[in-house]
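Take a look at the structure set out below.
In what follows, every chain begins at residue 1, and chains take the letters A, B, ... in the order their sequences are listed. Not measured: the values here are computed from a predicted model.
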Amino acid sequence: MENLVTIRPELLGLATVELEALSPHFAVLGGAVLALVLSVVRWLQPKWSVFLVSVATALLGATLSFPGLSGAALAVFNGMMVVDPYSSFFNLIFLLSALITLLISFRYLDSEKLQHPEYYVLVLFSALGMMLMASARELVVLFIALETMSLSVYSLVSFRRADRRANEAAMKYFILGGAASAIMLYGVALVYGATGTTHIQAILERLASRGAGESVLFSVGAWLIVAGFLFKVASVPFHMWMPDVYEGAPVPITGFMTTGLKAAAFAAFVRVFLSLGYGKGLSEAVETNLHHILWVCAVMTMVVGNVIALTQTNLKRILAYSSIAHTGYLMVGLIAAPRGTEGYSSLLVYLAAYAAMNLGAFIVLTLLAGKGDAGLNLHDLSGISKKNPVLAFSMAVFLFSMAGVPPTAGFVAKYLLFYSAVQAGEVPLVIIAVLCSAISVYYYLRVLVYMYMRDPIAGATSARVPVWSVMALASMVIVTLQVGLLPSPLVEMARKAVAGL
Amino acid sequence: MAWFESHLLSTLVFLPLLWAVAGLVIPGKFRKTHAVWALLGSFLVFAVSLRLYGAFDAGGAEFQLAERAEWLPSLGIAYLLGMDGISLWLLVLTTFLTPLVILGSFSAIQERTKEYYFLLLFLETGMLGALVALDVFLFYVFWEAMLIPMYFLIGIWGGKDRVYAAMKFFLYTVVGSLLMLVAIFYLAYAHKVQLGAYSTAIVDLYRVNVPGGGWLSVQSILFLAFALAFAIKVPLFPVHTWLPDAHVQAPTAGSVILAGVLLKMGGYGFIRFAFPLFPEAVVLYQPVFLGLGAVAIVYGAWVAMVQPDIKKLVAYSSVSHMGFVILGLFSLNSIAAAGSVYQMLNHGVSTGALFLMVGMIYERRHTRMISDFGGITKVMPIFAIIFMIVTLSSIALPGTNGFVGEFLILLGTWKTSPWAAAAAGTGVIFGAVYMLWMFQRVMFGPVTNPENEKLRDLSGRELAVLAPLVVAIFFMGIYPNFFFEKMEPSIQRFLERAQVKSTETAIADLGRN
Amino acid sequence: MLGLILLFPLIGFLINGLWYAVLQAPQGRKKAGSLATGLVASSAIFLSFAVGVVAFVQLAGMPEGARVIENNLFSWIKVGGLSLDFVLRVDPLSSLFVLVIAGIGTLIHVYSIGYMSHDETPGRFFAYLNLFCFSMLVLVLGGALPLLFLGWEGVGLCSYLLIGYWYQDIEKAKAGKKAFIANRVGDLGFLLGMFLIYTTFGTMDFSALREVVVQRFGGMAPAGAELAAVTGICLLLFVGCTGKSAQIPLYVWLPDAMAGPTPVSALIHAATMVTSGIYLVARLDFLYALSPTALEVMAWVGGLTAFVAATIAVVQTDIKRVLAYSTVSQLGYMFLACGVGATGAGVFHVITHAFFKALLFLGAGSVIHGMHEEQDILKMGGLKKHMPRTFLVVTVAWLAICGLPPFSGFFSKDEILWMAFASNQGNRVLWALGLLTAMMTAFYMTRMWIHTFMGSERFDHHKVHPHESPIVMVAPLYVLAVLSAAGGFMGVPHASWLAHWLEPIVPHVVPAEGVNHSMEWVLMAVSVAVALLGMFAAHRLFRDLRRPEALKARWAFIHKVLWNKWFVDELYEGALIRPIGRVSQALWRGFDVAVIDRIVLGFGRASEWSGQTLRLAQTGSLQAYAVFLLLGLVLTLGYMIYGLV
Amino acid sequence: MQVVEPWVVLTFAATIFLIGLGGLMLRRNILVILMCIELMLNSVNLSFVTFSRMHGDMAGQVSVFFIIVVAAAESAVGLGLLIAMFRTLRSVDTDDIRLLRE
């Protein structure tokens with residue numbers, strides 16, 4: 001009991017250098033709180049004020065996290081969190097996707113009569129949760145960040161209160177999400193039991209010293225944590241919730257989930273994965289078992305994702321299953337990363353490219369969505385190229401990018417990912433991945449068939465495209481093509497980010 | 001101007017795309033201006049390609065007018081362009097056909113002309129890029145980028161079930177090239193392991209020695225991956241079923257470019273990548289591909305005989321003609337290799353002309369069924385004369401371009417395996433059978449169908465499209481040396497790279513040639 | 001200088017061709033008359049004949065051994081180890097052929113002016129005719145095998161165009177197609193022969209080839225693999241000859257080729273194109289001499305063709321078909337001659353045959369012209385009175401073809417029969433076959449002669465009133481008549497100028513030792529007797545028409561077989577064309593669509609099916625998802641622990 | 001006083017966790033499911049405390065507080081969603097939320 005007495009003052013104080021490093025987090029927190037306050041002030045027209053503040057916060061956060069990209073890694077809050085190029089890279093992804101979601105949501109909420117300011121606050125809080133997850137170095141802190149993000153997303157999913165489908169989606173997501181978090185937490189507890197610490201760095205040392213890698217307790221705990229993450233990224237055994245939730249949720253939120261949520265999950269997954277010693281500390285037996293399980297999960301994810309997408313006619317569900325398929329490709333990268341010379345940088349590039357093309361696709365979907373997200377079935381899309389050529393062209397770019405057809409970011413990302421997988425000797429896995437992406441070409445192009453090669457249905461009016469959305473759309477198209485044609489800046493950024501891990 | 005001079009290849013490749021993007025400014029309803037604008041662009045590109053012909057000197061280095069720029073240094077990927085004798089002529093063929101195709105589709109394409117001409121020029125960029133890319137990654141980017149415009153051309157302006165044909169075309173090629181991509185990964189990594197540095201430049205990859213040996217050794221598997229991707233494109237016998245659908249459903253311009261240039265990408269791929277990278281596997285699989293080539297020739301000819309639709313007939317004739325190319329390449333001697341490169345050029349000219357003419361009668365009668373025609377010579381004599389000349393070139397009559405190609409290929413193949421040459425030779429007979437039978441049912445005989453009576457003969461524009469092709473047919477038939485001079489050294493290097501000492505020098509000492 | 005021989009017909013073709021395409025072809029344009037276009041064409045071929053004569057005179061001036069004029073126009077193909085030059089070479093053999101082609105060509109061009117006077121597009125006809133002469137001259141003057149092949153397929157093309165000249169009648173177009181494809185089959189043999197020569201001797205140039213052969217084999221005959229190669233070469237090239245010169249397997253196209261205008265039949269299917277096979281054999285005589293088996297095959301094929309064609313000709317009623325089968329038969333004779341080693345006799349017969357067969361065809365042409373397109377000899381008769389000049393000229397040709405002494409036919413045919421009997425490759429059976437065919441030739445020619453000119457007039461008068469052909473058609477006939485009559489004297493046995501002239505190219509064949517000299521005169525008498533017998537039999541049989549009808553009734557079956565050309569066409573149709581049609585239909589419907597496409601679409605359907613089944617797993621119930629989630633967890637945990645313990 | 005073996009408490013916590021998981025899968029009333037999630041989180045807390053006692057350091061105990069806070073927040077959100085659902089569906093049975101399928 002005696003060590004409780006001395007309260008060490010330095011724990012509480014925050015050095016100025018730590019403040020600077022954490023500036024993006026504080027900016028977003030401050031912005032969110034300000035937005036919350038403003039939402040209550042009636043006379044200030046909360047619809048506009050909260051929107052503008054949240055957009056400003058997102059922009060501010062993004063600009064503040066730029067320096068972090070090249071800075072050195074700095075442990076904050078006594079090692080609980082770390083601010084390094086890796087976390088700054090992900091901060092950029094989260095904040096940009098939050099920004100895009102906010103931009104396209106404004107008009108969407110008006111047309112859906114859901115213009116409540118809380119929406120923007122929740123988006124900011126979930127972005128904050130993601131940022132914390134990316135820089136968490138301690139399992140419990142990670143859990144807390146995960147929950148902040150998830151809780152705000154649960155409520156965002158059920159934002160359209162009156163719609164039974166939204167409620168159903170939210171409830172399913174909440175219950176299964178809750179269960180998964182509980183499972184992961186139980187894993188954390190077991191790992192704590194086996195190694196005596198929940199601090200990521202410390203686990204590795206304890207593993208090496210205590211040789212706890214062998215103990216059943218640790219492996220069960222480790223697997224439960226990994227299972228929790230697999231649920232979050234919707235890998236096969238745990239993917240059942242995703243299509244329903246994606247279909248139920250409002251379109252911008254689905255976009256936000258596929259990009260932000262998946263990126264955050266993978267960010268944390270990579271840190272935890274390393275700490276659990278995959279590739280370094282773990283014993284030979286456990287390593288091969290984990291590799292086999294992940295190998296099977298990756299293959300099943302790719303196959304299930306691509307094959308079911310073939311049968312879907314609702315665009316949101318198609319993109320949901322395509323997101324599962326892309327998780328499969330990312331898992332291939334994950335498995336191959338430790339042994340491949342490329343390491344995790346191809347994973348980061350893929351996440352960034354995937355975020356860009358997916359956000360773009362969801363911008364187009366938001367603009368095309370009718371009342372209550374109707375009008376998103378394939379035959380509703382026929383002839384769009386005649387009505388709105390710009391939307392059709394950008395959708396074509398995004399779809400070609402998702403299919404991995406060359407002059408786009410998707411191709412470069414897939415090239416790097418599979419290239420590092422081949423270097424790690426995972427040739428059979430890559431062949432399966434390549435064949436699955438061949439299947440994916442079919443359902444991506446089928447959307448183009450409806451858009452370009454069918455005549456428009458009678459009376460279809462061309463969707464009105466507000467200025468905010470055009471800006472967001474243009475930026476995404478430019479990013480997709482730019483990374484496709486000149487990938488080296490992004491790749492260099494990713495390599496620097498990974499170096500610090 | 002100096003920049004253009006030093007970056008000739010880049011200008012050639014990206015001029016069509018930039019010109020097309022500039023063309024987007026013209027508002028949709030000025031249909032004629034789009035066409036004229038695209039035509040202007042394609043003439044400009046043709047001029048640049050002629051400049052290339054001047055700049056290329058046969059005796060010089062292997063890859064000339066090379067340009068290099070860092071693209072993805074961490075993976076050793078560079079923006080590397082270069083050109084040799086073989087790719088020179090394929091370039092000129094592409095830039096020669098595109099203006100004709102654009103001129104040919106003035107009247108054929110009435111709606112959404114802006115996108116149409118944009119896609120055509122984008123397609124030209126893709127093709128030119130693939131022909132000059134010397135970096136495997138860059139080649140793959142252009143190789144797949146070509147598919148997008150062709151997919152839309154077939155899909156939007158095509159015939160009745162164009163969507164099925166476009167999708168089949170796209171998927172067939174994508175599956176093939178994705179397997180090739182895996183092989184590229186393995187090769188690039190092998191280069192890193194063996195030679196220390198990352199590089200996907202084709203010249204460096206030539207130096208990588210991949211463990212050869214048995215039928216399923218690493219080198220054989222890699223070779224098969226490359227060969228499958230290129231065989232689908234050629235198309236070689238078992239993987240050819242996308243071609244008839246794609247041709248029948250594609251608009252005239254689409255099928256001319258498809259037959260004229262896209263099929264040559266397969267052959268070019270073999271020459272540039274599959275052969276030099278995996279010489280032992282080539283020698284090992286030589287009998288298999290010789291067999292497939294001969295079968296393709298006879299099979300294509302036989303199936304062409306029973307086609308009710310002219311375009312499908314010509315499509316299957318392409319399968320047969322391209323079978324000759326494969327035969328020539330896999331005979332691994334310089335006569336046959338030169339013959340197959342020449343056959344690629346011939347096929348581009350004669351089959352391109354055939355498709356243009358089928359397009360012209362389709363514009364008039366909106367049907368392609370042979371049974372709907374008969375006695376057209378009486379109604380359209382000029383058309384009949386040109387159609388006769390093109391048919392003769394297609395059945396390889398001496399004096400036209402077809403003969404030189406097939407003669408050299410058969411002569412070369414005879415040295416390697418007489419049986420394959422004999423079997424392929426029968427293709428020459430069946431070629432005459434199906435072409436002349438089609439010609440007779442369409443052109444000769446009394447005018448049975450009343451609608452055929454009032455068909456108007458070729459207009460000035462249509463003549464302008466066909467005239468250069470007819471001239472090319474005779475010029476290539478009578479004076480092929482014009483082409484062989486520039487091509488000769490590159491073919492020698494190609495064969496040396498395929499590590500097969502050409503055997504015919506031994507025979508030449510025997511007697512005066 | 002040799003280039004000029006080719007240049008003139010080419011220029012003639014271009015003038016007529018472009019004139020027709022640009023000015024006459026488009027709708028509603030005035031069509032030029034046959035006189036103008038005819039004159040252009042005839043003058044072109046005449047100039048080429050003149051240059052031919054000059055060349056002939058130059059050759060005659062040269063010393064015995066080195067009679068060659070050669071000029072190398074340009075390098076055609078130069079790639080890999082192969083370099084082909086467009087070299088023209090004239091030597092005694094080819095100069096003869098040039099004279100025959102250009103000479104008879106000129107006569108036929110002039111004749112055509114008259115014949116095609118009422119045709120609506122004569123420009124096109126004369127353009128094709130000139131193109132034909134150009135290709136034939138290329139064939140004859142070509143210094144290397146590929147050039148000969150260029151001419152070879154060029155004449156094939158022109159015969160296709162000219163047979164199908166009246167393209168509106170689908171039957172004529174079909175005949176043209178049949179001719180081209182039959183030739184193409186032969187050409188494949190030719191091609192493969194050419195390749196074998198290249199791989200065995202390394203060159204395709206005739207003089208180089210001769211040097212290599214002489215240097216490699218010299219005196220002794222080749223043995224083993226080399227013999228096989230040489231025999232293979234000869235046989236493959238002979239396949240080409242059977243295609244072009246209408247021998248047994250591939251002769252079916254010649255009778256149908258009569259669908260073309262008569263001058264075409266005269267020029268192409270009598271005098272020039274069909275003899276290109278003999279030219280090829282004569283040109284490569286030094287090779288054929290090396291392989292006795294090839295000569296054996298050639299002799300037998302020639303003999304059989306002669307006999308079979310003669311039997312068919314006996315029963316034909318269409319005047320041009322009779323002449324067509326007679327041509328096939330005479331060609332059989334020529335190959336018989338080459339087969340027994342007497343290539344010189346073969347060439348001699350080519351020349352004489354060209355004279356009288358062209359005359360016969362043109363005579364038949366003027367008969368048809370006079371009888372307003374009536375070709376059935378049973379509906380003619382008694383034209384002696386109406387067309388005296390044609391009658392006179394055709395009689396000369398008739399006597400020549402039957403082989404009566406003063407006329408050319410006797411000398412060349414007798415030479416062949418004598419060589420068949422006497423030379424060491426020849427044998428008695430072939431001689432007997434030849435003799436029998438000679439008798440039948442006399443028989444059916446006399447039959448045609450009688451039916452056409454003698455006997456009662458069997459055409460109905462008010463519809464058809466025969467008239468003599470204009471002078472422009474008859475004049476060439478007179479020239480040909482003189483040539484047919486006097487032509488024989490250039491090859492009088494034992495003092496033949498022709499054999500001497502061809503000496504360096506085609507060595508003179510000396511009869512085998514066993515046979516004594518006097519035998520030759522005896523055989524000559526025998527062959528004349530046989531010819532007279534044939535004529536007399538025909539004369540007595542066909543004096544009044546009831547007797548042949550009776551004969552026909554009694555031997556009905558044989559008549560039916562002969563009338564249907566031994567059912568050869570039906571055989572080819574049944575054995576080759578229909579099965580290939582069925583197989584390709586099966587290949588397309590069955591293999592291409594059913595097998596490959598089904599496999600390809602199968603992949604698509606398989607993934608679609610698995611998609612549908614997996615999709616059902618998404619039941620939408622929360623509990624199910626939770627169960628599935630837990631199941632996944634338990635399974636993986638079990639695997640982890642299993643790994644550890 | 002008699003010391004309770006740690007593994008006893010751990011197995012107890014594990015059983016509670018399994019009960020929670022089982023409840024989540026079997027029961028159809030969503031309220032009960034929410035309770036089961038709470039149950040699972042509490043069993044985790046128990047494990048944490050035992051491990052902290054075993055290792056003799058305070059980290060485990062501290063984490064428990066965070067978990068309790070998060071659990072509370074989670075229940076709040078969960079109940080909020082449940083009320084929203086009830087208002088439209090008039091039922092809290094999981095069988096009624098079957099709209100989103102395949």
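Across all their heavy atoms, C/Gly611 and A/Thr311 have their closest contact at C-CG2, 3.5 Å. Taking both residues in full, the closest heavy atoms of C/Gly632 and A/Pro237 are given as CA-CB, 4.0 Å, listed atom of the first, atom of the second, then distance. A pairwise comparison of heavy atoms in A/Met240 and C/Ala617 identifies CE-O, 3.5 Å as the closest pair.
In this structure, OH in C/Tyr642 is found 8.5 Å from CG in A/Asn289, a value given to the nearest 0.5 Å. The CD1 atom of A/Ile183 sits 7.0 Å away from the CG atom of C/Leu630 when rounded to the nearest 0.5 Å. To the nearest 0.5 angstrom, C/Leu629 atom CG is 6.5 Å from A/Leu176 atom CG. Once rounded to the nearest 0.5 Å, the distance linking NZ of A/Lys172 with OH of C/Tyr625 reads 4.0 Å.
Applying side chain to side chain contact (heavy atoms under 4.5 Å, CB included) to A/Ile293 and the options C/Leu637, C/Leu635, C/Thr636 leaves one that passes, C/Thr636.
Looking at A/Val236, only its backbone comes within 4.5 Å of chain C, counting heavy atoms on both sides. Heavy atoms closer than 4.5 Å to chain C are found in both the backbone and the side chain of A/Ile308. With a 4.5 Å cut-off on non-hydrogen atoms, A/Leu230 does not touch chain C at all.
Contact residues of residues 571-609 of chain C toward chain A are C/Ser607, C/Glu608 (heavy-atom distance under 4.5 Å).
Within the structure, no pair that satisfies the side chain to side chain donor-acceptor pair (under 3.5 Å) test touches residues 188-197 of chain C, not counting sequence neighbours. Note on residues 184-194 of chain C: pairs passing salt bridge (Lys or Arg N to Asp or Glu O under 4.0 Å), not counting sequence neighbours, are C/Glu153-C/Arg184.
Take A/Trp241 and apply the ring-ring contact (aromatic ring centres under 6.0 Å, His included) test, not counting sequence neighbours, and it matches A/Tyr173, A/Phe231.
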For C/Arg615 and A/Arg317: C-alpha separation, side-chain torsions, deciding distance, then whether side-chain contact (heavy atoms from CB on, under 4.5 Å) applies. CA-CA 11 Å; C/Arg615 177 180 170 178; A/Arg317 281 190 89 90; over 6 Å; no
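In this structure, A/His239 and C/Phe628 have perpendicular ring planes: the angle between them is above 60°, well past the 30° mark.
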